[in-house]
S.K.: 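A single structure is presented below for examination.
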Amino acid sequence: MTTGRLFGTQRQERLLAALRLTGAVRVRDLAGEFGVSELTVRRDIAALAQRGLVTKVHGGAVLPVRGGPDRQPRRAPMRFTVGMVVPSLDFYWPSIVGGARAAAAALGVDIRLRGSSYDPEEDRRQISLLVAGRQVQGLLLAPSLEGDSAQEMLDWIGRLQVPTVLVERQPRRWTPATRQIEWVRSDHALGLEIAVHHLRQQGHRRVGLVVAPGSPTSAHLLRAGQAATADPAVSDVLVLRDRVTLGATGDRDAVGRLVRRCRHAGITALVVHSDSHAMAIAQVCAEHGLTVPDDLAIVSYDDEVAHLADPALTAIRPPKSHVGRLAVELMVSRLLDGERRPAYRVLLAPELVVRDSSRPWSSMR
């Protein structure tokens, strides 16, 4: 506790001194040290953030990232160690991991990364290896939550002795766990809505939904498609009975049957998850003498390799890097502020990247 009242500039100077020493400060600790309210400390942090001297995080502040064309971002002193388990280290997930690592470097977090394999038992094994011997202070997890074992997995995670943030995963309901599980993910339902709105603007009124099997993203898209057909505003657009789940993209007979089915049903556009399935459909269309987008418009979902197709595919791009960044920020907030703040459940909006596969054919001439 200080003796005598500090002026604003004095508080801010001492705040910066503490930040340079430790790399991160907590509002609660500073309020006690300075003998002022937490609101006053937050205002000091906001003033310093406006000058670019600190970066605000939930519950405190950290040193800002300094960078430029010829400089690497400044790495904050390591203060926390966080484990991260993702189901794959290729496709989709590298962008999430990259975003997490960028935020971790700025916020003083050491990321311990492990890859799993969309298998609940392997998820548990990798998580257990991280928490054994208290190696980590928090966990960023993307476990398999499909099927009957989903709730059992969530209950198990809720009993772990470290805070957890789910990444691109969401429990279907509240659970009475002692420690509430936080999550951040892409709003795939909104992504489907964006895709359908775009196709409607191009004049399409019969749109099919094609999904990859066994994907958590596909599950969200299917639920969103079911909700959309109940909405009178779009029920004439998304034709759920023409929804198709494709298996391996190498099954050209299945893709050919899908294309013929679309022609027979009068479907003029498809929303397809994922990029590889969308590219296979475009290739089969070309082999059948059909033109994309003149005969069949395509919007891919994921935007990993959609730009490599011929024609380049319009795509919904989930905010993968930002999901990783925000997951780390939420974890730092939890570690700084403890159980004082409520659990956060965050949805991030995808974006539409318009390319040749959904533009009016006349505009491509």
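Predicted, not measured: the structure shown is a model, and the values here were computed from it.
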S.K.: Is it the case that the side chain of Arg345 and the backbone of Val184 share a donor-acceptor pair, with hydrogens and angles ignored and the cut-off at 3.5 Å?
M.R.: no
S.K.: Counting distance only, does the side-chain N/O of Ser358 pair as donor-acceptor with the main-chain N or O of Thr314 below 3.5 Å?
M.R.: no
S.K.: I'd like to check Val299 versus His198 (side-chain heavy atoms, cut-off strictly below 4.5 Å). Are they in contact?
M.R.: yes
S.K.: Which residues pass the salt bridge (Lys or Arg N to Asp or Glu O under 4.0 Å) test with Arg169, sequence neighbours left out?
M.R.: none
S.K.: Can you tell me which residue pairs pass the salt bridge (Lys or Arg N to Asp or Glu O under 4.0 Å) test with a partner in residues 265-284, sequence neighbours excluded?
M.R.: none
S.K.: State, without any angle test, whether Asp123 and Ser116 hold a side-chain donor-acceptor pair at a distance under 3.5 Å.
M.R.: yes
S.K.: Just checking, any donor-acceptor pair under 3.5 angstrom between side chains of Ser186 and Glu168?
M.R.: yes
S.K.: Under the salt bridge (Lys or Arg N to Asp or Glu O under 4.0 Å) rule, collect the residues that match up with Arg257, sequence neighbours excluded.
M.R.: none
S.K.: Compare all side-chain heavy atoms of Pro94 with those of Leu89 and state whether any distance is below 4.5 angstrom.
M.R.: no
S.K.: Show the nearest heavy-atom pair for residues Glu182 and Pro342, with the distance to one decimal.
M.R.: OE2-O, 3.9 Å
S.K.: Holding to side chain to side chain contact (heavy atoms under 4.5 Å, CB included), I want the full list of residues that pass it with Arg114, two or more places apart in sequence or in another chain.
M.R.: Val85, Gln126, Leu129, Leu130
S.K.: Could you check whether any side-chain N or O of Arg359 sits under 3.5 Å from a backbone N or O of Val354, counting only pairs where one atom can act as donor and the other as acceptor?
M.R.: yes
S.K.: Which residues pass the side chain to side chain contact (heavy atoms under 4.5 Å, CB included) test with Leu190, not counting sequence neighbours?
M.R.: Asp187, Glu193, Ile194, Ala349, Pro350
S.K.: Applying side chain to side chain contact (heavy atoms under 4.5 Å, CB included) to Glu329 and Leu107, what does each step give before you reach the verdict?
M.R.: CA-CA 8 Å; Glu329 291 174 3; Leu107 298 177; 3.8 Å; yes
S.K.: Please step through side chain to side chain contact (heavy atoms under 4.5 Å, CB included) for the pair Val165 and Leu139, ending with a clear verdict.
M.R.: CA-CA 6 Å; Val165 175; Leu139 290 167; over 6 Å; no
S.K.: Decide yes or no for Val109 and Arg79: does some side-chain heavy atom of the first lie under 4.5 Å from some side-chain heavy atom of the second?
M.R.: no
S.K.: Taking atom CG of Leu313 and atom CG of Asp356, what is their separation to the nearest 0.5 Å?
M.R.: 9.5 Å
S.K.: By side chain to side chain contact (heavy atoms under 4.5 Å, CB included), which residues pair with Ala219, not counting sequence neighbours?
M.R.: Glu146, Arg223
S.K.: Who pairs with His197 by side chain to side chain contact (heavy atoms under 4.5 Å, CB included), at least two apart in sequence or on another chain?
M.R.: Gln201
S.K.: Determine, using the 4.5 Å side-chain heavy-atom cutoff (strictly less than), whether Val353 and Leu221 are members of one ILVMFWY cluster.
M.R.: no
S.K.: What pair of heavy atoms forms the shortest contact from Ser144 to Met153, and how long is it?
M.R.: O-CG, 4.3 Å
S.K.: Would you mind checking if Arg124 and Glu152 are paired as a salt bridge, meaning a charged N to carboxylate O distance below 4.0 Å?
M.R.: yes
S.K.: Glu304 side chain to Phe91 main-chain N or O, any donor-acceptor pair under 3.5 Å?
M.R.: no
S.K.: Under the side-chain hydrogen bond (donor to acceptor under 3.5 Å, both in side chains) test, which residues partner Ser37, sequence neighbours left out?
M.R.: Thr40
S.K.: In a check of side chain to side chain contact (heavy atoms under 4.5 Å, CB included) between Cys285 and each of Val255, Leu296, Asp295, Asp294, which one passes?
M.R.: Leu296
S.K.: Determine the minimum heavy-atom distance between Tyr344 and Leu330, stating which atoms define it.
M.R.: CD2-CD2, 3.4 Å
S.K.: Partners of His188 by ring pair (Phe, Tyr, Trp, His ring centres under 6.0 Å), sequence neighbours excluded?
M.R.: His220, Tyr301
S.K.: Are the side chains of Val323 and Leu326 in contact, using a 4.5 Å heavy-atom criterion?
M.R.: no
S.K.: Set out, in order, the CA-CA distance, both residues' side-chain angles and the distance that settles side chain to side chain contact (heavy atoms under 4.5 Å, CB included) for Asp302 and Tyr92, then state yes or no.
M.R.: CA-CA 7 Å; Asp302 269 356; Tyr92 201 93; 3.4 Å; yes
S.K.: How would you list, by chain and number, every residue that makes a side-chain hydrogen bond (donor to acceptor under 3.5 Å, both in side chains) with Arg260, sequence neighbours excluded?
M.R.: none
S.K.: Check salt bridge (Lys or Arg N to Asp or Glu O under 4.0 Å) between Glu121 and all other residues, then give those that pass, not counting sequence neighbours.
M.R.: none
S.K.: With sequence neighbours left out, write down each residue that passes salt bridge (Lys or Arg N to Asp or Glu O under 4.0 Å) with Arg43, or none if nothing qualifies.
M.R.: none
S.K.: For the side chain of Ser357 and the backbone of Ile298, is there at least one donor-acceptor N/O pair under 3.5 Å apart?
M.R.: yes
S.K.: Under the side chain to side chain contact (heavy atoms under 4.5 Å, CB included) rule, what do Gln151 and Leu154 come out as? Steps first, then yes or no, please.
M.R.: CA-CA 5 Å; Gln151 192 56 50; Leu154 290 170; 4.1 Å; yes
S.K.: Between the side chains of Asp119 and Arg125, is the shortest nitrogen-to-carboxylate-oxygen separation below 4.0 Å, so that they form an ion pair?
M.R.: no
S.K.: When hydrophobic residues are tied together by side-chain contacts of less than 4.5 Å, even through go-betweens, does Leu39 share a cluster with Val54?
M.R.: no
